[in-house]
Amino acid sequence: MTASTIANNLQLVTQRIVSACQKNNRAPAEVDLLAVSKTFPAADVAQAHACGQNAFGENYIQEGLAKIAALRVADSSGLQWHCIGPVQSNKTRSVAENFDWVQTIDRLKIAQRLSEQRPMHLPPLQVLIQVNADGGANKSGATPEQVMELATAMAQLPRLQLRGLMAIPEPQPTFALQLQSHRQVKAIFDSLQNTLRNSAAPHAAAFDTLSLGMTDDLEAAIQAGSTMVRVGSGIFGRRSPQPPQSP
Ligand SMILES: *Cc1c(COP(=O)(O)O)cnc(C)c1O
């Protein structure tokens, strides 16, 4: 993708975020933009970074690690990498050593491994619990019933900082239905945030992030209360179909 296309797309997406915030009396600074660069080359990440975009999300760990390494060499300082795909046990070490955020935690075992393996010279790994709020066919994510117990246990892990929730609701055909499923996630987020703050759990104050909304539904997500939208095709263009990859 050309540099000017990425720059234009970033401007359009930013404008959509600003408009959605204005419509809902929210400050645009409340909503972070995560650029989802999966399937796109490191050169596209570098282009977006040159436009001022710092946070990037990758689904496939091997692919993400390759880009992280490439851009480290290229001296792109200030990049922040989010793992937004499933993390298997045998990948936790490379994730703990190379990513800044992991948004997809749905099991305590993975959280424990990430905490144990996070190098001491790095800040705590910033983590979100992925919640499967609508019981959708996309089966990743903790159930709403599991989330509280998982959050309480994770808040004790020394090398993780639990920052909030992430969800990938099933695609919905209308704005009203998008809003409805996003509000389900927001309700879980609010009750969890309240419980954690009242329990004075370690780091409870940092529970401030709701990662919700993508290219097709970011307006509804912002209306529901998202604090981080994850946008791929809206920035980098359409993805070509992927051959199956192991995460
Ligand atoms: C691919 C992906 C996105 C971005 O999707 P777009 O529709 O391209 O914006 C966001 N979140 C996750 C978890 C993804 O896998």
Side-chain angles (χ1 to χ4, degrees), residues 17 20-34 55 57 82-84 87 100-112 114-115 118 123-136 138-170 172 175-214 217-230:
I17 293 170
C21 285
Q22 283 168 347
K23 189 165 163 263
N24 294 287
N25 292 315
R26 301 186 60 194
E30 290 174 33
V31 181
D32 292 326
L33 172 60
L34 181 69
H82 294 232
C83 175
I84 59 170
V87 180
D100 304 293
W101 287 63
V102 178
Q103 300 205 359
T104 48
I105 297 191
D106 59 5
R107 285 181 287 156
L108 185 58
K109 181 181 163 217
I110 296 295
Q112 285 167 332
L114 289 170
S115 181
R118 179 69 168 173
L125 190 61
Q126 309 294 298
V127 296
L128 303 179
I129 294 174
Q130 183 177 351
V131 60
N132 185 359
D134 53 13
N138 153 43
K139 285 283 184 276
S140 294
T143 65
E145 294 73 32
Q146 292 167 336
V147 160
M148 188 63 227
E149 193 181 333
L150 182 55
T152 311
M154 279 171 60
Q156 311 294 327
L157 296 173
R159 301 293 293 141
L160 302 189
Q161 182 150 42
L162 178 60
R163 295 295 299 274
L165 294 184
M166 176 272 223
I168 315 171
E170 289 292 290
Q172 298 293 341
F175 183 86
L177 290 170
Q178 289 173 355
L179 188 58
Q180 191 180 328
S181 60
H182 288 144
R183 282 185 169 148
Q184 282 178 14
V185 182
K186 172 69 155 104
I188 298 168
F189 176 80
D190 285 345
S191 84
L192 196 52
Q193 190 181 53
N194 276 333
T195 311
L196 286 173
R197 287 187 176 164
N198 292 336
S199 74
H203 321 301
F207 194 91
D208 60 1
T209 302
L210 178 58
S211 170
L212 191 60
M214 315 198 292
D217 62 356
L218 69 86
E219 282 84 2
I222 289 171
Q223 183 160 335
S226 170
T227 72
M228 185 185 291
V229 292
R230 310 179 305 267

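- Pairing each heavy atom of Leu212 with each of Ser226, the nearest pair is O-OG, 2.7 Å.
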**Report entry** Ile188 and Asp190: CA distance, side-chain angles, deciding distance, side-chain contact (heavy atoms from CB on, under 4.5 Å) verdict
**Finding:** CA-CA 6 Å; Ile188 298 168; Asp190 285 345; over 6 Å; no
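- Put simply, the side chain of Ser211 never gets that close to the backbone of Met166: no donor and acceptor are under 3.5 Å apart.
- A heavy-atom distance below 4.5 Å is found between the side chains of Thr209 and Trp101.
- In this structure, His182 has no ring pair (Phe, Tyr, Trp, His ring centres under 6.0 Å) partners at least two apart in sequence or on a different chain.
- The closest donor-acceptor contact from the side chain of Asp217 to the backbone of Met214 lies under 3.5 Å.
- Leu150 places none of its side-chain heavy atoms less than 4.5 Å from the side chain of Thr152.
- Between Met154 and the options Leu162, Ile110, Leu114, a side-chain contact (heavy atoms from CB on, under 4.5 Å) holds for only Leu162.
- The side chain to side chain contact (heavy atoms under 4.5 Å, CB included) search around Ser115 returns Leu157, Pro158, Arg159, Leu160, not counting sequence neighbours.
- Between the Arg163 side chain and the Asp208 main chain, no donor and acceptor come within less than 3.5 Å of each other.
- For the pair Gln178 (side chain) and Ala221 (backbone), a donor-acceptor distance under 3.5 Å is absent.
- Side chains of Gln180 and Gln172 form no contact here, defined as non-hydrogen atoms less than 4.5 Å apart.
- Proximity of Ser140 to Thr104: side-chain heavy atoms (C-beta onward) are nowhere separated by under 4.5 Å.
- By the 4.5 Å heavy-atom criterion applied to side chains, Arg183 and Gln223 are counted as neighbours.
- The side-chain heavy atoms of Leu33 and Val229, taken from C-beta on, include a pair separated by under 4.5 Å.
- In terms of heavy atoms, Ala20 sits closest to Asn24 at O-ND2, 2.7 Å.
- Looking at Gln146, its side chain never comes within 3.5 Å of a backbone N or O of Pro144 through a donor-acceptor pair.
- With contacts defined as side-chain heavy-atom distances shorter than 4.5 Å, the pair Thr227/Glu30 does not qualify.
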Requested in this report: Quick one: do Arg230 and His82 satisfy side-chain contact (heavy atoms from CB on, under 4.5 Å)? Show the steps, please.
Outcome: CA-CA 10 Å; Arg230 310 179 305 267; His82 294 232; over 6 Å; no
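- Side-chain contact check for Lys23 versus Ile222: every heavy-atom pair is 4.5 Å or farther apart.
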Requested in this report: Dump the intermediate steps for side-chain contact (heavy atoms from CB on, under 4.5 Å) on Ile84 and Leu34, then the final yes or no.
Outcome: CA-CA 10 Å; Ile84 59 170; Leu34 181 69; 3.9 Å; yes
